Amino acid sequence: MAAPSGNFRLGPDAGRVVIKTTRAGLAARAGHDLTIEVTRWSAQVQVPAEDDGGPAAATVSADLDLASLEVREGTGGALPLTDRDRREIKKQMGQILGSATATFASTRVVPAGAGGGGGGGGGGGAVEGTVTLNGKSQPARLQVTAPGDGQYRGSATLTQTGFGIKPYSGFFGTLKLKDEVTLEFQLTLPSS
């Protein structure tokens, strides 16, 4: 798969960014594993021409507006997730995150099969970089697949405590979120 070269500015019209949480604790069965969408985000992807390094020399940066989080799905739990639950979760997220913005800046792109081959699907690889939130940074490695021309999906696991965030807990600590959250994205680069 040949990656397109160019400078791409992306936002919600080009794809989707979600955060997935999972529950822990003695009362975990009462809670929900959540899929939370970042509804306002922007990214810039710069892919040089093959003569200038191609995908291996690409850079990626992104800004995620955490005030735009919307609970899209809740799985598990003793009862289905209600609209009231969604409002309460959004309120809790607002108290924890405020109007924070998370940023990502790549430091290295590792194309899949960096040794070869022409056309063919598959593609992908990894994008390594740093995520910054609340003045704290942690390394991130986005595992990326390319299911089709110009289409990319990826994910990374981050810890809340790495950003100074204490994972939510309720019911006197018997229901809590795991420290690890998964960030997932899917996007389509515009055709040149």
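Reckoned from all heavy atoms, side chains included, excluding hydrogens, waters and symmetry mates. Note that the coordinates shown come from a computational prediction; the quantities given were computed from them, not determined experimentally.
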Do [X] and [Y] touch side chain to side chain, with heavy atoms closer than 4.5 Å?
| X | Y | result |
| --- | --- | --- |
| Pro55 | Glu50 | yes |
| Pro167 | Gln160 | yes |
| Leu158 | Leu133 | no |

What's the spacing between [X] [atom1] and [Y] [atom2] if we round to 0.5 Å?
| X | Y | atom1 | atom2 | result |
| --- | --- | --- | --- | --- |
| Lys178 | Arg23 | NZ | CZ | 9.5 Å |
| Phe163 | Ile96 | CZ | CD1 | 14.5 Å |
| Leu187 | Phe8 | CG | CZ | 10.5 Å |
| Leu34 | Ile89 | CG | CD1 | 4.5 Å |
| Glu180 | Thr22 | CD | OG1 | 7.5 Å |
| Arg87 | Thr82 | CZ | OG1 | 7.5 Å |

Who are the side chain to side chain contact (heavy atoms under 4.5 Å, CB included) partners of [X], not counting sequence neighbours?
| X | answer |
| --- | --- |
| Asp63 | Ser42, Thr101, Thr103 |
| Asp13 | none |
| Val127 | Val60, Phe104, Ser106, Val109, Leu142, Val144 |
| Thr182 | Lys20, Ser155, Thr157, Glu184 |

Sorted by chain and number, sequence neighbours left out, salt bridge (Lys or Arg N to Asp or Glu O under 4.0 Å) with Glu70 holds for Lys90

Give the minimum heavy-atom separation between [X] and [Y], together with the two atoms involved.
| X | Y | answer |
| --- | --- | --- |
| Pro12 | Trp41 | CD-O, 3.3 Å |
| Ser5 | Pro48 | CB-O, 3.6 Å |
| Val71 | Arg86 | O-NE, 3.3 Å |
| Lys136 | Gly162 | CB-O, 3.7 Å |

Self-check item: Hphob cluster co-occupancy, Phe185 + Val18, side-chain heavy atoms under 4.5 angstrom
Solution: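 They do not share one cluster, since no chain of ILVMFWY contacts under 4.5 Å joins Phe185 to Val18.
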
Between Ser61 and Gln44, is any side-chain donor less than 3.5 angstrom from a side-chain acceptor?
no

Check: Given the rule in the side chain to side chain contact (heavy atoms under 4.5 Å, CB included) test, do Leu97 and Leu69 qualify, once you have shown the distances and angles that lead to the verdict?
Finding: CA-CA 10 Å; Leu97 299 170; Leu69 298 177; 3.6 Å; yes

Can you tell me if [X] uses its side chain to pair, donor with acceptor, with the backbone of [Y] under 3.5 Å?
| X | Y | value |
| --- | --- | --- |
| Asn134 | Ile165 | no |
| Thr107 | Glu128 | yes |
| His32 | Leu79 | yes |

For residues 36-48, the salt bridge (charged side-chain N to carboxylate O under 4.0 Å, His left out) pairs (sequence neighbours left out) are Arg16-Glu37, Glu37-Arg72, Arg40-Asp65

**Request:** Step by step, work out the side chain to side chain contact (heavy atoms under 4.5 Å, CB included) result for Gln151 and Arg153.
**Result:** CA-CA 7 Å; Gln151 297 177 353; Arg153 292 180 182 196; over 6 Å; no

